[in-house]
Amino acid sequence: MRPPSWRRAVYRVARPILFRFDPERIHRLTLRALAGTGTQPAGRAVAAAVGGVRVRETDAIQLMGLRFRNRVGVGAGFDKDAVALAGWASLGLGFMEVGTVTPLPQAGNPRPRLFRLPADGALINRMGFNNDGAAGLARRVMLARRSLPRGFVVGVNIGRSHATAPSAAIDDYRAAQRLVAPVADYLAVNVSSPNTAGLRDLQDPGRLAHLLDALADAGERSGSRCPMLVKVAPDLDAVHLDELVAMIVDSPAAGLIVANTTLFRDGLRSAPPVTGERGGLSGEPLWGRCLDAIERVRTTGGARLVIVASGGISSGARAAAAIEAGADLVQLWTGLVYHGPGLIGEAVRAIA
């Protein structure tokens with residue numbers, strides 16, 4: 001087994017200090033620091049060293065009509081408002097998915113709403129789509145484009161507002177799409193967050209087909225043919241997942257992001273009361289579910305679908321295993337919290 005990199009070793013020393021503070025506060029400070037590094041040459045050089053990625057032409061891949069400089073990105077929720085895109089690019093990522101964004105700003109759920117489970121390498125969140133709104137995000141992405149390197153792809157994850165009735169969900173998604181599609185490389189349609197009441201009901205194949213058709217039609221009429229991915233839950237049973245995949249194969253969507261956070265709490269080593277917190281669980285416990293789902297989606301959907309692996313990827317070996325199981329791209333999230341930004345380089349090298 002390859003020994004831990006110096007980047008992991010340094011982060012292992014820093015992590016206990018970071019974990020003394022409220023997780024949402026540290027998250028906010030991390031984004032602020034990353035936003036600052038992306039604007040200065042010296043900061044970008046430091047970020048490149050920390051990320052440990054050597055950008056090479058041989059790592060690039062074409063998907064959905066887009067060129068990704070490598071297969072490794074960060075999932076939605078880490079940078080909801082696209083405040084640090086240049087910093088993320090400096091770390092060596094191939095792509096960044098910002099959001100989830102709603103048409104209008106919303107505060108999300110009351111705090112505390114983000115919880116660490118160190119014994120499990122996991123997080124529980126019930127953030128509730130807190131964001132500055134689609135117009136603000138679109139403006140930041142547009143301004144950031146000037147300094148982003150070639151092959152750095154920006155996806156925008158869209159969702160339904162908390163105050164919007166489920167019966168009006170399509171209007172909400174179309175309103176967000178109208179604002180962000182002109183600046184996005186792809187759209188991720190979030191129908192699987194457990195933290196907005198009724199949102200997961202949109203994973204019904206008939207309702208989801210109606211939503212995707214409505215978004216495709218709106219995109220055609222506006223002249224914005226942004227490719228779409230659907231983000232699904234890891235809690236779907238095999239029959240439901242197969243039905244969704246069969247529908248998506250024949251839909252305007254290009255593929256799936258597998259998967260969002262889970263409501264299951266089985267097999268956790270952490271003790272109550274944190275394990276009883278409401279919200280979605282991410283990190284290590286999600287890995288087995290996501291890997292099984294990736295294999296099933298690839299088998300059922302064939303080569304037609306783009307698959308993005310998102311859940312439990314905490315090492316380069318797991319990133320490579322996700323690709324071998326059938327994924328085209330991988331997204332990091334909770335693994336960065338527990339192992340630091342050096343995980344980006346580990347994943348890129350392992351896949352290569």
Side-chain angles (χ1 to χ4, degrees), residues 27-28 31 35 64 66 73-88 95-109 113 125 127-146 148 152-193 195-200 202 208 210-231 252-254 257 260 308 331 333:
H27 191 99
R28 191 166 56 249
L31 285 177
M64 304 183 291
L66 304 170
V74 170
F78 214 119
D79 191 352
K80 292 175 181 287
D81 296 309
V83 300
L85 281 175
W88 291 114
F95 67 107
M96 181 72 198
E97 190 174 305
V98 296
T100 297
V101 67
T102 52
L104 297 175
Q106 62 179 28
N109 292 321
R113 53 193 181 181
N125 94 81
M127 303 300 288
F129 290 171
N130 56 306
N131 71 99
D132 291 342
L137 181 141
R139 183 168 54 251
R140 291 191 188 98
V141 174
M142 180 181 65
L143 293 174
R145 289 286 185 190
R146 306 170 185 172
L148 297 180
F152 182 75
V153 170
V154 180
V156 179
N157 188 298
I158 58 175
R160 195 199 87 212
S161 300
H162 177 77
T164 300
S167 59
I170 288 179
D171 294 335
D172 244 31
Y173 282 95
R174 282 193 298 205
Q177 174 198 32
R178 184 173 62 253
L179 290 165
V180 303
V183 300
D185 292 314
Y186 72 84
L187 294 179
V189 183
N190 190 343
V191 293
S192 52
S193 171
N195 300 317
T196 297
L199 191 80
R200 285 190 167 189
L202 288 169
L208 182 56
H210 187 38
L211 171 61
L212 294 176
D213 286 341
L215 291 174
D217 181 64
E220 287 285 341
R221 284 187 283 108
S222 68
S224 177
R225 295 179 178 85
C226 201
M228 292 186 294
L229 297 172
V230 179
K231 189 165 187 175
I257 300 170
N260 214 316
V308 182
Q331 289 181 336
W333 210 117

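Quick caveat, the model's predicted, so the values are computed rather than measured. Along the sequence shown, residues are numbered consecutively beginning with 1.
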Shortest non-hydrogen contact between [X] and [Y], atoms and distance:
| X | Y | value |
| --- | --- | --- |
| V156 | A184 | CG2-CB, 3.6 Å |
| T100 | G159 | CG2-N, 3.5 Å |
| L66 | P227 | CD1-CG, 4.4 Å |
| Q177 | A218 | OE1-CB, 3.4 Å |
| A138 | L179 | CB-O, 3.4 Å |
| G99 | L137 | N-CD1, 4.1 Å |

Tell me if a side-chain donor or acceptor on [X] pairs with a main-chain N or O of [Y] at a distance below 3.5 Å.
| X | Y | value |
| --- | --- | --- |
| E97 | G73 | no |
| Q106 | A163 | no |
| R113 | N125 | no |

With heavy-atom distances below 4.5 Å as the criterion, would you say the side chains of [X] and [Y] are in contact?
| X | Y | answer |
| --- | --- | --- |
| V180 | V141 | no |
| V308 | Y186 | no |
| S193 | K231 | no |
| R140 | L85 | no |
| Y173 | L187 | no |
| F129 | H162 | no |

So among L229, I257, L211, which one has a side chain to side chain contact (heavy atoms under 4.5 Å, CB included) with V189?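 Between V189 and the candidates, side chain to side chain contact (heavy atoms under 4.5 Å, CB included) is satisfied uniquely by L211.
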Under the side chain to side chain donor-acceptor pair (under 3.5 Å) test, residues paired with [X] that sit two or more places apart:
| X | result |
| --- | --- |
| R221 | D217 |
| T102 | N131 |
| R225 | E220 |
| N130 | none |

By the salt bridge (Lys or Arg N to Asp or Glu O under 4.0 Å) test, which pairs, at least two apart or in different chains, include something from residues 171-189?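 For residues 171-189, and leaving out neighbouring residues, the salt bridge (Lys or Arg N to Asp or Glu O under 4.0 Å) pairs sorted by first residue read R145-D185, D171-R174.
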Once side-chain hydrogen bond (donor to acceptor under 3.5 Å, both in side chains) is applied, what residue pairs with a partner in residues 74-86 remain, sequence neighbours excluded?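 Listed once each, the pairs are D79-W88.
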Straight-line distance of L212 CG to I170 CD1, nearest 0.5 Å: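 Reported value, rounded in 0.5 Å steps: 9.5 Å.
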Hey, mind stepping through N190 and L199 against side-chain contact (heavy atoms from CB on, under 4.5 Å) and telling me if it holds? CA-CA 8 Å; N190 190 343; L199 191 80; 4.0 Å; yes
